[in-house]
Asker: 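Sharing a structure with you now.
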Protein chains: 2
Amino acid sequence: MNNRLRELRTARGWTQADLADQLDVSRQTVNALETGRYDPSLPLAFKLARLFGQRIEDIFQDDPQP
Amino acid sequence: MNNRLRELRTARGWTQADLADQLDVSRQTVNALETGRYDPSLPLAFKLARLFGQRIEDIFQDDPQP
DNA sequence: CCGCACTGTCAAGTGATCTTTACATCGCCG
DNA sequence: CGGCGATGTAAAGATCACTTGACAGTGCGG
């Protein structure tokens, strides 16, 4: 699952630690999401969507597996 | 996190097992989601949104925690 | 050159999200 | 009554989503 987290974060001039603070998660978690090591939980995806003012579907792109 | 899964499923005349088959998960997982025992992973939330033709935000309602 | 902020990653641990198997309850129909 | 489809739940186990703590690499300003 691809995402636009790095783009959205850097556009706001935030560090990974800045974003982590606002999400109440660790910096390592933000890094893991940006580098695609795993997907966020649904509650964390909601937090991200609220924070960036976008829909979950506009931040995360599901690869359609046939 | 509340959701409208039961409403959406029964409106289509599907059983929990029917839905589970379409999602490639177990019937117990569908039951656990409907009864609110845990939230789906983000990929599973995407599958549900696609299947029901709705946005994730319209199926799952985040409780705003102050 | 040195320090510092930022990023990437690892290891080990915890709790959440799944799995399979199993069983109990309910309502309905023959 | 007896069986059956649908639902709810439990236990045990795999894997994923997170944590803390640590360390290494990069780039920039003093």
Side-chain angles (χ1 to χ4, degrees):
Chain A
M1 173 155 325
N2 289 350
N3 68 65
R4 303 197 299 123
L5 292 181
R6 178 159 322 217
E7 167 194 347
L8 293 168
R9 173 180 63 84
T10 56
R12 284 159 179 76
W14 297 340
T15 67
Q16 292 182 347
D18 290 336
L19 178 53
D21 280 349
Q22 300 182 70
L23 296 169
D24 266 319
V25 297
S26 68
R27 176 185 73 81
Q28 286 84 341
T29 293
V30 169
N31 184 274
L33 298 178
E34 287 192 358
T35 57
R37 296 201 298 166
Y38 50 73
D39 296 321
S41 66
L42 188 57
L44 185 50
F46 266 90
K47 274 192 186 183
L48 283 158
R50 262 201 310 264
L51 191 54
F52 288 130
Q54 306 211 5
R55 293 180 300 164
I56 290 176
E57 285 88 346
D58 291 335
I59 300 180
F60 300 92
Q61 294 97 33
D62 211 10
D63 348 80
Q65 40 236 359
Chain B
M1 168 149 339
N2 289 350
N3 69 66
R4 302 196 301 123
L5 293 181
R6 177 159 319 214
E7 166 194 348
L8 293 167
R9 172 179 64 83
T10 57
R12 284 158 179 78
W14 296 340
T15 67
Q16 291 182 348
D18 289 337
L19 178 53
D21 279 349
Q22 300 182 69
L23 296 169
D24 265 320
V25 297
S26 68
R27 177 184 71 81
Q28 286 81 345
T29 293
V30 169
N31 184 275
L33 298 178
E34 287 192 358
T35 57
R37 296 202 295 171
Y38 50 74
D39 296 322
S41 66
L42 188 57
L44 184 50
F46 265 90
K47 275 192 184 181
L48 283 158
R50 262 201 311 264
L51 190 55
F52 288 129
Q54 305 210 5
R55 291 180 300 163
I56 290 177
E57 285 89 346
D58 291 336
I59 300 180
F60 300 92
Q61 295 97 32
D62 211 11
D63 347 83
Q65 39 237 0

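In the text below, chain A, chain B and the rest are named by the order of the sequence lines, each starting its count at 1.
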Asker: Just to confirm, is there a sub-4.0 Å distance from OP1 or OP2 of dG8(D) to any side-chain nitrogen or oxygen of Arg6(B)?
Answerer: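 Affirmative; the distance criterion is met.
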Asker: Base contacts versus sugar-phosphate-only contacts with protein, heavy atoms under 4.0 Å: please encode nucleotides 14-26 of chain C as B, S and - from 5' to 3'.
Answerer: ---SBBBBB----
Asker: Rounded to whole angstroms, how far apart are NZ on Lys47(A) and P on dA17(D)?
Answerer: 17 Å
Asker: Might you work through the side-chain contact (heavy atoms from CB on, under 4.5 Å) test for Asn3(B) and Leu48(B), ending with a clear yes or no?
Answerer: CA-CA 11 Å; Asn3(B) 69 66; Leu48(B) 283 158; over 6 Å; no
Asker: Walk me through whether Leu8(A) and Arg4(A) qualify under side-chain contact (heavy atoms from CB on, under 4.5 Å).
Answerer: CA-CA 6 Å; Leu8(A) 293 168; Arg4(A) 303 197 299 123; 4.0 Å; yes
Asker: Let me know the distance between CZ of Arg12(B) and P of dA6(D), rounded to the nearest Å.
Answerer: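 Those two atoms, CZ and P, are 18 Å apart.
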Asker: Could you tell me whether Arg12(B) and Asp18(B) have a side-chain N and a carboxylate O separated by less than 4.0 Å?
Answerer: no
Asker: Among dG8(D), dT7(C), dT9(C), find the nucleotide with the atom closest to the side chain of Arg9(A).
Answerer: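 Looking only at heavy atoms from C-beta outward on Arg9(A), the closest nucleotide is dT7(C).
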Asker: Would you say Arg9(A)'s side chain and Trp14(A)'s backbone share a donor-acceptor pair under 3.5 angstrom?
Answerer: yes
Asker: Pair Glu57(B), Glu57(A) - check side-chain contact (heavy atoms from CB on, under 4.5 Å), show working.
Answerer: CA-CA 9 Å; Glu57(B) 285 89 346; Glu57(A) 285 88 346; 3.1 Å; yes
Asker: For Leu5(B) and dG8(D), give me the distance from atom CG to atom P, rounded to whole Å.
Answerer: 12 Å
Asker: CH2 of Trp14(A) versus C1' of dA5(C): gap in Å, rounded?
Answerer: 19 Å
Asker: Using heavy-atom distances to pick each residue's nearest nucleotide on DNA chain D, tell me which of Ala17(B) and Val30(A) is more 5'.
Answerer: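 Going by which nucleotide is closer to the 5' end, it is Ala17(B).
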Asker: Rounded to whole Å, please give me the gap between CG in Leu48(A) and P in dA17(D).
Answerer: 14 Å
Asker: Between dT7(D) and Asn31(B), is there an OP1 or OP2 to side-chain N/O distance shorter than 4.0 Å?
Answerer: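 No, Asn31(B) has no side-chain N/O under 4.0 Å of OP1/OP2 on dT7(D).
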Asker: To the nearest 0.5 Å, tell me how far Leu44(A) CG sits from Leu33(A) CG.
Answerer: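 Separation between the atoms: 6.0 Å.
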